[in-house]
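What follows is a single structure, written as structure tokens, with notes after it.
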Amino acid sequence: MTSYKSEFVQTLVERGYLHQCTDLDALDGRAAAGPVTAYVGYDATAPSLHIGNLVSIMMLHWFQQSGHRPIVLMGGGTTKVGDPSGKDESRKLLTNDQIDENIASIRQTFSSFLSFGDGDTDAIMVNNADWLDTLEYIPFLRDVGRHFTINRMLTFDSVKLRLDREQPLTFLEFNYMILQAYDFVELAKRHDCILQMGGSDQWGNIVNGIDLGRRIAERELYGLTTPLITTASGAKMGKTAEGAVWLRPERFSPYDYWQFWRNTEDADVGRFLKLFTNLPLEEIARLEALEGAEINDAKKVLANAATALLHGETAAREAAETAEKTFEAGVTADGLPTTEVPRAELEAGIALFALMARSGLAASNSEARRLIKGGGARVNDEPIREETFEIDLSALNDDNVVKLSAGKKRHALVRPV
């Protein structure tokens, strides 16, 4: 493997983060010469980011660990527009208050991966609404818009995808790439930021920013993207039967997060250890070499390390203990995701399919019905095939809960209140 001058670029290459870079040798030299500043942008469309954002978050983590200053750019302004990249339809528009609430929630996730402060390499979080909300439309079109041709904008994948599929692309969304390019220039001016990082679908937007920086600010800027992460079976990373794997515990419990990593395909363990944990490469190589039943030990290490990074050591340990009690000792564990149901409802009886959907074990009542009919549902570890089966107080076990299961690996508790 090629040896690089800077610790940052060497880490990216060794761990599998690097997909494209506008000028890798020049960036490597800048990073080796002393601290530099880089950013990744995130729109605040929900109160939580999801696991699809985790690769870029880990890049910011390693960037800071390598002695540089990361910027987390929150799209308080661009969230009002909507990034068409990889999307088939327009984004639902949010109010300013909703966006602000989402940003406050998302910030807590970054605190698990980055150290914020006023030091030279401390991370900062900025909001592009600070400059986008104050732009005057006509001056902006004159000063910035003239550097973008419609001909070139139509060649970018984010636009072509919509047009090829004959899906509407609003004029509002069409402006997104200009605003993102302008963000890069503003961060270069305000914080001497020289590098924008992101997923491979952001390559066109990043190149636009580099070109704009050269044209209107005479700055040498760089872009770097990560590959699209798919599983060994070809599935998109982070897609589960229950939906997105969210990074906030209110949306996806630490136990479910631990279980997500524990269920990694055998062929993905080594790659995911490199991408989603900060374990030393020597240790990862040892774990990656495990075969047969021992690969499960490597999966537990992956689950522990990834969960500890996001939710802390205590949450990771509790999730591991819950899993051990549930699957290896065969008992009900208090750490399982729990849904509280009014005792009066349970006394009257609730359809199992409705309770499974309510507890998150199925996305809908109809999905829960199919699960039951297919033999994938259990109540207190007993298989249930009757679609109209009801749960009442008589189903409570000695722990005063009802244990529901969807398949062998997904469980939840129902507790009367």
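- Residues N365 and A357 come closest through the heavy atom pair OD1-CB, 3.5 Å.
- Within the 4.5 Å cutoff, no side-chain heavy atoms of L195 are placed close to those of Y39.
- In summary, the side chains of N128 and T78 do present a donor paired with an acceptor at a separation below 3.5 Å, with no hydrogens or angles considered.
- Using modelled atom types and a 3.5 Å distance limit, the side chains of Y176 and D43 yield a donor-acceptor pair.
- For R286, the side-chain contact (heavy atoms from CB on, under 4.5 Å) partners at least two apart in sequence or on another chain are E283.
- Formation of a donor-acceptor pair under 3.5 Å by the N127 side chain with backbone atoms of G76 is found in this model.
- In this structure, the side chains of V40 and L73 stay at 4.5 Å or more apart for every pair of heavy atoms.
- The closest side-chain heavy-atom distance from I103 to I99 is below 4.5 Å.
- Of the charged side-chain nitrogens involved, at least one lies within less than 4.0 Å of a carboxylate oxygen, so that E387 and R369 count as a salt-bridged pair.
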Exercise. For the pair I229 and F272, evaluate side-chain contact (heavy atoms from CB on, under 4.5 Å) and give the outcome as yes or no after the intermediate values.
Key: CA-CA 10 Å; I229 306 300; F272 287 0; 4.0 Å; yes
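- Not a single ring-ring contact (aromatic ring centres under 6.0 Å, His included) links Y222 to another residue, sequence neighbours left out.
- Ring-centre distance between Y42 and F110: below the 6.0 Å cut-off.
- Here the shortest heavy-atom pairing between A232 and R271 reads N-NH2, 4.1 Å.
- The shortest side-chain heavy-atom distance between W131 and L179 does not fall under the 4.5 Å cut-off.
- Under the 3.5 Å distance criterion, with hydrogens and angles disregarded, no donor-acceptor pair is assigned to the side chains of Q202 and Q196.
- For A32 against K5, the heavy-atom pair with the smallest separation is CB-CB, 3.7 Å.
- Put simply, the side chain of N102 gets close to the backbone of A44: a donor and an acceptor are under 3.5 Å apart.
- For the atom pair CG of L224 and CG of L24, the computed distance is 7.5 Å after rounding to the nearest 0.5 Å.
- Not counting sequence neighbours, the partners of R15 by the side-chain contact (heavy atoms from CB on, under 4.5 Å) test are T11, Y17, W62, K274, L281, I284.
- For the pair H191 (side chain) and C193 (backbone), a donor-acceptor distance under 3.5 Å is absent.
- Contact annotation: the side chain of S200 never approaches that of T226 to less than 4.5 Å [non-hydrogen atoms, C-beta and beyond].
- Side-chain N/O atoms of Q64 and R69 include no donor and acceptor closer than 3.5 Å.
- S359 OG to L413 CG: the interatomic distance, rounded to the nearest 0.5 Å, is 9.5 Å.
- Contacts classified as side-chain hydrogen bond (donor to acceptor under 3.5 Å, both in side chains) and involving residues 110-123 (residues at least two apart or in different chains) are not found.
- Among residues two or more places apart in sequence or in another chain, the ring-ring contact (aromatic ring centres under 6.0 Å, His included) test is passed with F389 by none.
- Separation of atoms NZ (K80) and CG (L132) is listed at 8.5 Å; rounding is to 0.5 Å.
- Within the 4.5 Å cutoff, the side chain of L302 has no heavy atoms near those of the W258 side chain.
- Atom CD1 in I57 sits 8.0 Å away from atom CG in L310 (nearest 0.5 Å).
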Practice problem: Under the side-chain contact (heavy atoms from CB on, under 4.5 Å) rule, what do M74 and V72 come out as? Steps first, then yes or no, please. | Solution: CA-CA 6 Å; M74 294 309 305; V72 178; 4.0 Å; yes
Exercise. Could you walk me through whether V245 and H50 pass side-chain contact (heavy atoms from CB on, under 4.5 Å), step by step?
Key: CA-CA 6 Å; V245 178; H50 53 76; 5.9 Å; no
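- The minimum heavy-atom distance between A38 and M197, with the atom names listed, is CB-CE, 4.2 Å.
- L393 is linked by a side-chain contact (heavy atoms from CB on, under 4.5 Å) to R343, L346, E347, L396, counting only residues two or more places apart in sequence or in another chain.
- No side-chain donor-acceptor contact under 3.5 Å links N380 to the backbone of E382.
- Here the CZ atom belonging to F184 is positioned 8.0 Å from the CD1 atom belonging to I206, to the nearest 0.5 angstrom.
- Remark: R107 qualifies as a cation-pi partner of F116 under the 6.0 Å distance and 45° angle criteria applied to the six-membered ring.
- When side chains are defined from C-beta on, D256 counts as touching S253, because their heavy atoms get closer than 4.5 Å.
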Practice problem: Assess whether side-chain contact (heavy atoms from CB on, under 4.5 Å) is satisfied between I71 and M125, documenting all intermediate values. | Solution: CA-CA 6 Å; I71 295 177; M125 179 176 281; over 6 Å; no
Validation: residues 370-379 side-chain donor-acceptor distances under 3.5 Å, sequence neighbours left out:
from: R378; atom 1: NH1; to: D381; atom 2: O; distance (Å): 2.9

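- The pair R358-E340 does not count as a salt bridge, with every side-chain nitrogen at least 4.0 angstrom from each carboxylate oxygen.
- Every residue meeting the ring-ring contact (aromatic ring centres under 6.0 Å, His included) condition with F63, not counting sequence neighbours, appears here in chain and number order: F8, H68.
- Applying the salt bridge (Lys or Arg N to Asp or Glu O under 4.0 Å) test to residues at least two apart or on different chains, none of the pairs has a partner in residues 22-41.
- The number of heavy atoms from other shown groups lying within 6.0 Å of CD (E291) does not exceed 12.
- Residues satisfying the side-chain contact (heavy atoms from CB on, under 4.5 Å) test with E101, not counting sequence neighbours, are none.
- We find the CD-CG distance between E390 and L352 to be 10.0 Å, quoted to the nearest 0.5 Å.
- For the pair M59 and G198, the tightest heavy-atom approach, listed with the atom from each and the gap, is CE-N, 4.3 Å.
- When only modelled atom types and interatomic distance are considered, H19 and T225 share no side-chain donor-acceptor pair under 3.5 Å.
- Of the possible polar contacts, none joining the T307 side chain to the A316 backbone as a donor-acceptor pair under 3.5 Å is found.
- Taking every heavy atom of both residues into account, P35 and G67 meet most closely at CB-O, 3.6 Å.
- The shortest distance between side-chain heavy atoms of F140 and N175 does not fall below 4.5 Å.
- A donor-acceptor pair shorter than 3.5 Å cannot be found between the side chains of T95 and D97.
- Counting only residues at least two apart or on different chains, the ring pair (Phe, Tyr, Trp, His ring centres under 6.0 Å) pairs with a member in residues 293-314 are Y257-H311.
- The side-chain hydrogen bond (donor to acceptor under 3.5 Å, both in side chains) test with K299 singles out one residue from D268, N304, N263, D266, and that residue is D266.
- Sorted by first then second residue, the ring pair (Phe, Tyr, Trp, His ring centres under 6.0 Å) pairs that include residues 281-304, not counting sequence neighbours, number zero.
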